[in-house]
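Single-structure report; data block below.
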Amino acid sequence: MELKFTGIGAAYYPVLGSNCAFFEHGGCLYLIDCGESTFKSMYSRNEIYHYDKITVLITHLHADHIGSLGSLLSFCNIVLHKKVLLAAEEDTIVHILSQSGVQPDMYEFTTDFSKCETEGLRIKVQRVVHAKDMLCCGFVFDCDGEKTYYSGDTSIIPENILRMFLSGEIKTMYQECTYLDTDSISHFSLKKLSELIQVNERNRIYCMHLGDDIKDDIMRAGFRIPEVV
């Protein structure tokens, strides 16, 4: 399962675009988050026009992850006559959208991520550590028997995820790597990732949510970087 990205940047490094991935399964288009630059990127592509079923999975509520969500939902509803299925762990996002003029009848909402699944695709929410004032999560996608982990914003790799990755149960990991070597209570660093992952396993990890121009450092360490489409 390979994810496509419209951006791989962190909030304070917008030159790489808001970190957002998307994929298709079972005739449904899935977006993971919808940051400030995401709607513009998806508007310029053909996926939101082509797919009748569109689902947005939210990792958390920081602006670089939901900044253009209202525009995407409104456009799909009013212009394309499609109701996007929006999934988040709690209904705070519904109140945020209402305050910006995007009312609940313009989209479908659920806190039950199993309702976003299609045949052959299972979605498991993974708790991560990022912000103290909101729920933050990543996802384990089980797609036709192949597991992929998407970290969301996090300062950790959960022990169960690391164990599943090193055993081969998780084939591919998309891991936030905001900093080169800075310790942070909110974000992960390349230094920390390199300490945890042996060289021979690093080509199965894509680093995302970059907070600076550290692509060369990431590739020299043996990790990969998602292609922005």
Side-chain angles (χ1 to χ4, degrees), residues 5-7 9-14 17-23 28-43 47-48 51-118 121-141 150-156 158 174 176 178 184-187 208-209:
F5 281 72
T6 61
Y12 301 153
Y13 198 61
S18 301
N19 200 91
C20 173
F22 67 96
F23 64 96
C28 180
L29 173 67
Y30 291 86
L31 275 71
I32 308 174
D33 290 332
C34 189
E36 288 122 334
S37 68
T38 304
F39 173 58
K40 178 181 178 181
S41 298
M42 295 307 296
Y43 179 88
E47 284 86 0
I48 59 173
Y51 289 94
D52 291 328
K53 295 176 62 179
I54 302 172
T55 297
V56 180
L57 311 173
I58 299 296
T59 63
H60 67 294
L61 303 181
H62 282 154
D64 60 316
H65 293 265
I66 64 165
S68 67
L69 177 61
S71 296
L72 175 75
L73 299 179
S74 178
F75 178 79
C76 288
N77 179 246
I78 295 174
V79 178
L80 302 183
H81 307 293
K82 301 175 183 179
K83 280 194 175 183
V84 172
L85 174 58
L86 175 64
E89 290 193 275
E90 54 184 351
D91 64 2
T92 304
I93 186 63
V94 175
H95 303 297
I96 294 173
L97 290 166
S98 294
Q99 291 298 311
S100 65
V102 182
Q103 302 304 327
D105 62 352
M106 300 176 71
Y107 58 95
E108 298 177 17
F109 176 74
T110 186
T111 58
D112 181 358
F113 284 82
S114 68
K115 293 183 178 180
C116 304
E117 297 175 344
T118 56
L121 176 68
R122 297 293 174 262
I123 302 170
K124 181 181 178 181
V125 174
Q126 173 65 53
R127 176 71 48 242
V128 296
V129 177
H130 174 52
K132 293 182 179 180
D133 57 350
M134 65 181 68
L135 291 176
C136 302
C137 70
F139 303 105
V140 176
F141 298 104
Y150 184 94
S151 73
D153 284 15
T154 179
S155 61
I156 67 168
Y174 292 84
E176 89 123 85
T178 302
S184 170
I185 61 172
S186 299
H187 294 288
M208 60 181 188
H209 201 266

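In what follows, every heavy atom counts, from backbone to side chain, and hydrogens, waters and symmetry copies are set aside. Note that the coordinates shown come from a computational prediction; the quantities given were computed from them, not determined experimentally.
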Open item on the list: For the backbone of Ala87 and the side chain of Lys115, can you confirm whether one donor and one acceptor N or O come within less than 3.5 Å of each other?
Closed with: no

Task: Over 12 foreign heavy atoms within 6.0 Å of NZ, Lys83 - done: yes

Open item on the list: I'd like to know if the side chain of Glu117 reaches the main chain of Arg122, judged simply by a donor and an acceptor atom lying under 3.5 Å from each other, with no hydrogens or angles considered.
Closed with: no

Task: Under 3.5 Å: donor-acceptor pair, side chain of His130, backbone of Ser186 - done: yes

Open item on the list: Let me confirm one number: the CD1-SG distance from Ile66 to Cys34, rounded to the nearest 0.5 Å.
Closed with: 9.5 Å

TODO: Measure the acute angle between the ring planes of Tyr43 and Phe75, then classify it against the limits of 30° and 60° as parallel, tilted or perpendicular.
DONE: perpendicular

Open item on the list: Could you check whether any side-chain heavy atom of Ile54 comes within less than 4.5 Å of a side-chain heavy atom of Leu72, counting everything from C-beta outward?
Closed with: no

Task: Glu176 side-chain N/O to Thr154 backbone N/O, donor-acceptor pair under 3.5 Å - done: yes

- [ ] Determine whether Ile93 and Leu69 make a side-chain contact, defined as any pair of heavy atoms from C-beta on separated by less than 4.5 Å.
- [x] yes

TODO: Taking all heavy atoms of Asn19 and all of Phe5, pick out the closest pair and write down the distance.
DONE: ND2-CE2, 4.0 Å

- [ ] Quick one: closest heavy-atom pair of Cys136 and His60, and the distance?
- [x] SG-CB, 3.7 Å

TODO: Measure the spacing between OG1 of Thr55 and OH of Tyr107 and express it to the nearest 0.5 Å.
DONE: 14.0 Å

TODO: Report yes or no: do Thr110 and Asp112 form a side-chain donor-acceptor pair below 3.5 Å?
DONE: no

Task: Exam field: side chain Ser68 to backbone Phe39, donor-acceptor pair closer than 3.5 Å - done: yes

TODO: For the residue pair Asp33 and His65, confirm or rule out a side-chain donor-acceptor distance under 3.5 Å.
DONE: yes

- [ ] Check whether the ring centres of Tyr30 and Phe141 lie less than 6.0 Å apart, and answer yes or no.
- [x] no

Task: Under 3.5 Å donor-acceptor, Ser155 side chain and Ser184 backbone - done: no

TODO: Heavy atoms only: give me the nearest Tyr51-Lys82 pair and the separation to one decimal.
DONE: O-NZ, 2.7 Å

Open item on the list: Could you check whether any side-chain N or O of Ser74 sits under 3.5 Å from a backbone N or O of Gly70, counting only pairs where one atom can act as donor and the other as acceptor?
Closed with: no

Task: 4.5 Å side-chain heavy-atom contact, Tyr12 and Thr178 - done: no

- [ ] Working to the nearest 0.5 Å, report the span between OG of Ser151 and CD of Gln126.
- [x] 10.5 Å

